Amino acid sequence: MTFSLFLRRLVLLLGCLLAAMPTFAERADRDKPIQFSADKSEAINYETKVATLTGNVIITQGTMIIHADRVIFHQNPDNTMSATAYGKPVSFRQKRDGSDEYVEGYALRAEYDGQKEVLELFDQALLKQGTDEIRSNYIYYNSGTETFRAEGRPDSTLPQGSTPSGEERVHGTFQPKGKDGESKLPQPKPKPAAPLKPDTNLEPR
């Protein structure tokens, strides 16, 4: 075997090995440290990895970032984070796997389970991916399967006798795509990514 032939086969073999490797870029968020800041800490336990923070709370882990008025969170055994956040609104942002796009969520209350990769948004909820968006009073989003479920519900924080906000219905917008699959609206140049898909297998909460 000539050296040039050996080199070509070696390059081909390396290419096959690289192609076979899964690309879980943003799922590597769980390998990053959990960083947090706030105006006040109601409780922080470094032994149990549990904390309650209030006032301009910011929590980050890799590409994930949460802004809220109050957050109760803990570090899971696999280094993921689970949190309950309250705000006007809470904002959640995380980069999608294998894409330059981000998923953004907004609501008055958010429940995040890092182990299950599930984000639940309650009351005046908004879920955005690029220029597409879903509005409702309850949204369930699984970042592992990139599926969502939206339900029209009364606002759970609404005082008795108050007028409903009008978000008891589900509202959404999927922007038109061009022939190349890109949105027709001006926007940055992310890598093409599959749209969010409604999950029909989830049970109502």
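Residue numbers run from 1 in the order of the sequence given. Note that the coordinates shown come from a computational prediction; the quantities given were computed from them, not determined experimentally.
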Worksheet item: Linking I/L/V/M/F/W/Y whenever any side-chain heavy atoms sit under 4.5 Å apart, do F92 and M81 land together?
Response: yes
Worksheet entry | Cluster check V50, Y112: I/L/V/M/F/W/Y, side chain < 4.5 angstrom | no
Worksheet item: Honestly, is R149 close enough over Y140, meaning NZ or CZ under 6.0 Å from the six-membered ring centre and within 45° of the axis?
Response: no
Response to the item:
Interatomic distance, CG@L121 vs OG@S91, rounded to 0.5 Å, equals 10.5 Å
Worksheet item: Which distance, rounded to the nearest 0.5 Å, do you find between the CG of D123 and the NZ of K88?
Response: 12.0 Å
Worksheet item: Hey, would you say the F122 and Y138 ring centroids sit under 6.0 Å apart?
Response: yes
Response to the item:
Closest non-hydrogen atoms of Q115 and P77, given as atom of the first, atom of the second and distance, are NE2-CD, 3.9 Å
Response to the item:
Heavy-atom closest pair (S41 atom, L53 atom, distance to 0.1 Å) is CB-CD2, 3.9 Å
Worksheet item: Within the distance-only criterion (no hydrogens, no angle test), does the side chain of D69 pair as donor or acceptor with the backbone N or O of N56 below 3.5 angstrom?
Response: no
Worksheet item: Taking all atoms of both residues into account, what is the closest heavy-atom pair of N142 and K116, and its distance?
Response: ND2-O, 4.0 Å
Discussion item. Would you say T63 and Q94 are linked by a side-chain donor-acceptor pair, where the criterion is simply a distance under 3.5 Å?
Written reply: no
Fill in: Test: E120 and R109 ion pair at under 4.0 Å
no
Response to the item:
So OG1 of T60 and NZ of K32: to nearest 0.5 Å the spacing works out to 11.5 Å
Fill in: Cluster link Y106 to I59, ILVMFWY, side chain under 4.5 Å
no
Item to complete: Under the salt bridge (Lys or Arg N to Asp or Glu O under 4.0 Å) rule, collect the residues that match up with E104, sequence neighbours excluded.
Response: none
Practice prompt. Measure the shortest side-chain to side-chain distance between R70 and E42 over non-hydrogen atoms and say whether it is less than 4.5 angstrom.
Written response: yes
Worksheet item: Checking T80 side chain against R30 main chain: does a donor-acceptor pair fall under 3.5 Å?
Response: no
Discussion item. Given 3.5 Å as the limit, does a donor-acceptor pair link the side chain of S136 with the main chain of E151, or not?
Written reply: yes
Worksheet item: S82 and N76: side-chain donor and acceptor closer than 3.5 Å?
Response: yes
Discussion item. Quick check: do L126 and K128 have side-chain heavy atoms less than 4.5 Å from each other?
Written reply: yes
Practice prompt. Identify whether the distance between the nearest side-chain nitrogen and carboxylate oxygen of R96 and E146 falls below 4.0 Å.
Written response: yes
Worksheet, complete the sentence: Between the CG atom in D29 and the CD1 atom in I65, the distance rounded to the nearest 0.5 Å is 11.5 Å
Worksheet item: Hey, would you say the F36 and F73 ring centroids sit under 6.0 Å apart?
Response: yes
Item to complete: Consider only side-chain heavy atoms of I, L, V, M, F, W and Y, link residues closer than 4.5 Å, and tell whether V103 and I139 are in one cluster.
Response: yes
Worksheet item: Are Y86 and I58 in one and the same hydrophobic cluster, where Ile, Leu, Val, Met, Phe, Trp and Tyr link if side-chain heavy atoms are under 4.5 Å apart?
Response: no
Discussion item. Quick check: do T52 and V71 have side-chain heavy atoms less than 4.5 Å from each other?
Written reply: no
Fill in: Straight-line distance of L119 CG to L127 CG, nearest 0.5 Å
7.5 Å
Practice prompt. Verify the distance criterion only: is there a donor paired with an acceptor across the side chains of Q61 and Q35 at less than 3.5 Å?
Written response: no
Response to the item:
dist K95:NZ -> M64:CE (nearest 0.5 Å) comes out at 15.0 Å
Worksheet entry | Minimum heavy-atom distance between Y46 and I44, given as atom pair plus value | CE1-CG2, 3.5 Å
